[in-house]
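A note on names: the letters A, B, ... follow the listed sequences, proteins ahead of strands, and every chain is numbered from 1. The model shown is predicted, which means the values in this text are computed figures rather than measured ones.
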Number of protein chains: 2
Amino acid sequence: MIITKAGRRMFPAMRVKISGLDPHQQYYIAMDIVPVDNKRYRYVYHSSKWMVAGNADSPVPPRVYIHPDSPASGETWMRQVISFDKLKLTNNELDDQGHIILHSMHKYQPRVHVIRKDCGDDLSPIKPIPSGEGVKAFSFPETVFTTVTAYQNQQITRLKIDRNPFAKGFRDSGRNRMGLEALVESYAFWRPSLRTLTFEDIPGIPKQGDFKTLKNLHSPLKLSNCWST
Amino acid sequence: MIITKAGRRMFPAMRVKISGLDPHQQYYIAMDIVPVDNKRYRYVYHSSKWMVAGNADSPVPPRVYIHPDSPASGETWMRQVISFDKLKLTNNELDDQGHIILHSMHKYQPRVHVIRKDCGDDLSPIKPIPSGEGVKAFSFPETVFTTVTAYQNQQITRLKIDRNPFAKGFRDSGRNRMGLEALVESYAFWRPSLRTLTFEDIPGIPKQGDFKTLKNLHSPLKLSNCWST
DNA sequence: ACTTTAGCACCTAGGTGGCAAAGT
DNA sequence: ACTTTGCCACCTAGGTGCTAAAGT
């Protein structure tokens with residue numbers, strides 16, 4: 001994921017569906033993001049792999065994203081897909097916007113927390129999530145990601161551009177078109193169709209680096225991750 | 001105020017500051033809009049006045065705008081200016097977006113409600129606001145307005161365009177400029193400066209019809225209206 | 001004759017990756 | 001040598017009054 005000083009959304013956003021709550025009980029739902037290991041990484045271009053590049057940087061202030069619909073009844077939470085699309089990541093350790101602070105070039109995993117109202121009334125974006133009975137945490141292995149300040153890998157860039165509506169300007173039908181490749185493609189029938197293969201390869205690339213898969217997970221637990229499209 | 005089928009914001013938005021709450025008590029804050037009288041109005045162009053045009057239309061479903069920061073502690077409410085700028089008005093009696101339903105060509109007045117949490121837990125956009133101890137209502141005479149589907153009065157239109165950032169495209173420096181008046185104004189020094197007086201008159205026009213004044217009211221009560229600019 | 005609607009051009013507000021420059 | 005920053009064009013999303021046409 002890209003992180004910036006001003007704060008950047010995750011894409012795709014974490015989306016989750018809950019069942020098994022008490023419909024009449026009030027709950028907070030929150031997300032935090034924890035390190036996967038104690039390492040710092042670098043991307044090795046020639047092998048297209050993330051490699052360990054030393055130990056993790058010193059810890060950053062822990063932050064919590066409280067879902068903006070909180071608090072709400074179990075009934076309300078269960079009726080909707082719960083989206084974390086407004087959550088923002090930053091690399092600014094002095095951030096005062098309540099964004100989640102992460103180190104660049106580290107591996108992280110988001111966690112979803114379901115917190116019974118009476119256990120969460122002192123919940124705060126800048127305090128760690130309480131633990132104990134009445135608080136449950138969920139995470140999904142396929143949502144592990146690596147933080148960057150600029151994409152390391154053209155395949156990831158391509159996925160972002162193809163899927164994120166806000167990046168439509170960079171799609172092939174956008175302005176890159178009529179830049180260079182567009183001309184090549186427009187006149188492709190004039191030449192051996194070799195170059196286009198480069199693009200047709202992309203759907204099958206091994207997933208790496210940034211987010212790992214886009215497929216649904218139907219969890220046997222109470223939460224299911226709606227990571228899709 | 002303009003009302004439409006899809007819903008239209010009020011402009012300027014109602015803004016309010018509260019004091020005297022219990023800092024540690026939780027409150028909801030809500031707004032509803034009630035008829036000023038039982039009449040329907042029409043605008044008489046030659047006299048520049050709203051005149052009674054019969055009795056009010058039959059009542060519409062009552063709606064409540066619950067301030068999106070609700071519920072929050074007294075401390076939180078008192079620390080900020082509370083703005084109702086996301087509230088929307090509609091003339092669609094079958095509205096299912098939770099907007100406030102009003103009749104066109106009627107006079108209305110917004111009311112602000114401060115509701116102690118334990119009295120407001122069954123608050124709903126489509127239910128009337130509960131009454132009793134723990135619920136207080138405030139309203140400000142200068143915020144009475146008349147609903148329309150199209151402005152009746154060039155002075156009101158002008159105020160809206162001048163003050164609302166979203167209407168910048170209609171300002172004199174916008175595209176009307178270079179239309180007609182702009183040319184006149186550009187060459188004003190070529191002619192007797194008679195026409196410009198028409199514009200200089202505007203700041204002093206008697207307020208009428210739509211919203212009545214823009215000045216601050218510093219209420220002796222616990223709420224003060226921040227209607228300004 | 002008066003009121004309402006639907007589509008429009010023109011804005012605000014803010015989310016994208018690209019890219020050259022700066023930082024380390 | 002590698003990483004980060006700041007600014008940019010290009011988008012999405014949605015709030016304005018205008019206008020011609022439709023409704024009543």
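- Residue A:P165 has its side chain nearest to D:dT12 when only D:dT16, D:dT12, C:dG17 are considered.
- Of the two residues contacting DNA chain C, namely B:S104 and A:N164, the nearest-nucleotide position lying further toward the 5' end is that of B:S104.
- Ionic pairing of B:D57 and B:R40 is present here: one or more N-O contacts between side-chain nitrogen and carboxylate oxygen are shorter than 4.0 angstrom.
- When heavy atoms are screened at a 4.0 angstrom cut-off, B:T4 is found touching no nucleic acid atom at all.
- The listed nucleotides are D:dT16, D:dT12, C:dA6; the one nearest the side chain of A:F166 is D:dT12.
- Take B:R8 and apply the side-chain contact (heavy atoms from CB on, under 4.5 Å) test, not counting sequence neighbours, and it matches B:I2, B:T4.
- In this entry the distance linking CG of B:D57 with P of C:dT3 reads 12 Å, nearest Å.
- Atom NZ of B:K88 and atom C1' of D:dG15 are 8 Å apart (whole Å).
- Across the protein-nucleic acid pair, B:I161 atom CD1 and C:dT12 atom C1' stand 16 Å apart, rounded to whole Å.
- A sub-4.0 Å separation between OP1 or OP2 of D:dG15 and a side-chain N or O of B:K86 is absent.
- Applying side-chain contact (heavy atoms from CB on, under 4.5 Å) to A:H106 and the options A:V148, A:T147, A:N38 leaves one that passes, A:T147.
- Ranking C:dG17, D:dT3, C:dT4 by closeness to the A:T157 side chain, first place goes to C:dG17.
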Contact list (N/O, under 3.5 angstrom) for nucleotides 20-24 of chain C vs protein:
none

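- Look at A:N92 and you won't find any side-chain N or O under 4.0 angstrom from OP1 or OP2 of D:dT5.
- With sequence neighbours excluded, the residues that form a side-chain contact (heavy atoms from CB on, under 4.5 Å) with B:S104 are B:I3, B:T149.
- Residues satisfying the side-chain contact (heavy atoms from CB on, under 4.5 Å) criterion with A:F166, sequence neighbours excluded, are A:R9, A:N164.
- Applying the 4.0 Å criterion to OP1 and OP2 of D:dG17, one finds that B:R8 has a side-chain N or O inside that range.
- Between A:N91 and D:dT3 there is no side-chain polar atom (N or O) within less than 4.0 angstrom of OP1 or OP2.
- Dashed line: the shortest gap from a side-chain N or O of A:K168 to OP1 or OP2 of D:dT12 is under 4.0 Å.
- For A:D95, the side-chain contact (heavy atoms from CB on, under 4.5 Å) partners at least two apart in sequence or on another chain are A:R63, A:T90, A:N92, A:Q97, A:H99, A:I101.
- Legend: residues meeting salt bridge (charged side-chain N to carboxylate O under 4.0 Å, His left out) with A:E75, ordered by chain and number and at least two apart, are A:R79.
- Of the candidate nucleotides C:dG15, C:dG18, D:dT4, D:dT4 has the atom nearest to the side chain of A:A150.
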